[in-house]
Amino acid sequence: MRYKITVRRFRDGVQFVQTYIIEAPPTTTVLDALINIREDLDGTVAFRYACRMGVCGVCAVKVNGRPVLACTTKLGDLGSHEIYIEPIQDKNIIKDLVVDI
């Protein structure tokens, strides 16, 4: 399936959005989609992850307005092929989706 993923990014105090189109099965997690974007489309996208098992919370982001763990949230469960990813709120943003935790 084709997904349009828009990422709200932050660099050097400047906020902007960037959109990527990826092909992925609906079982792909948001984290795997971000890894795919970083490896294949844009190596400058910054985000964090650690355990990949939904335990540590390091990969927390907001997806379509809801806070989620990127490692456990599947693209097919989001109900849309247009996905908006942004950093979680109330945290100091270091770079892109990386916040000071």
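All values derive from a computational prediction rather than experimental measurement. Keep in mind that the numbers below use all heavy atoms, side chains included, and drop hydrogens, waters and symmetry copies.
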Q: Tell me whether Ile94 is reachable from Val61 by hopping between hydrophobic residues (I, L, V, M, F, W, Y) whose side-chain heavy atoms are closer than 4.5 Å.
A: no

Q. Is a donor on one side and an acceptor on the other found under 3.5 Å between the side chain of Thr28 and the backbone of Pro25?
A. yes

Q.
If I take atom CG from residue Leu69 and atom OG1 from residue Thr72, how far apart are they, to the nearest 0.5 angstrom?
A. 4.5 Å

(Q) Using every non-hydrogen atom in the two residues, find where Pro87 and Leu97 come nearest and quote the distance to one decimal. (A) N-CD2, 3.5 Å

Q.
What's the separation between atom CD1 in Ile37 and atom OH in Tyr20, rounded to the nearest 0.5 Å?
A. 6.5 Å

Q. Is Val45 linked to Ile93 within one hydrophobic cluster, defined over Ile, Leu, Val, Met, Phe, Trp and Tyr using a side-chain heavy-atom separation of less than 4.5 Å?
A. no

Q: Find out if a path of hydrophobic residues (ILVMFWY) with successive side-chain heavy-atom gaps under 4.5 Å connects Ile21 to Val30.
A: no

Which pairs would a plain distance check flag for residues 46-59, meaning a side-chain donor or acceptor within less than 3.5 Å of a matching protein atom at least two apart in sequence or in another chain?
from, atom 1, to, atom 2, distance (Å)
Arg48, NH1, Val99, O, 2.9
Arg52, NH2, Asp32, OD1, 2.6

Q. Is any side-chain heavy atom of Lys91 less than 4.5 Å from a side-chain heavy atom of Asp100?
A. no

Q: Rounded to the nearest 0.5 Å, what's the gap from CD1 on Ile22 to CG on Leu34? Could you check?
A: 8.5 Å

Q: State the OG1-CG distance between Thr29 and Asn36, to the nearest 0.5 angstrom.
A: 10.5 Å

Q: Kindly work out whether a path of hydrophobic side-chain contacts (I/L/V/M/F/W/Y, heavy atoms less than 4.5 Å apart) joins Ile35 to Ile85.
A: yes

Q: Ignoring hydrogens and angles, tell me if any N or O in the side chain of His81 forms a donor-acceptor pair with the backbone of Arg2 under 3.5 Å.
A: yes

**Q.** In one Ile/Leu/Val/Met/Phe/Trp/Tyr side-chain cluster, 4.5 Å: Tyr84, Val63
**A.** no

**Q.** Pair Asp42 + Arg9, salt bridge at N-O below 4.0 Å
**A.** yes

Q.
Please evaluate residues Ile83 and Thr6 with respect to the criterion side-chain contact (heavy atoms from CB on, under 4.5 Å), reporting the C-alpha separation (whole Å), side-chain torsions for both, the decisive distance (0.1 Å), and the verdict.
A. CA-CA 6 Å; Ile83 298 163; Thr6 302; over 6 Å; no

**Q.** CD-CD1 distance between Gln18 and Ile5, expressed to the nearest 0.5 angstrom
**A.** 12.5 Å

Q. In Å, rounded to the nearest 0.5 Å, how long is the span from OH of Tyr3 to CD of Glu23?
A. 10.0 Å

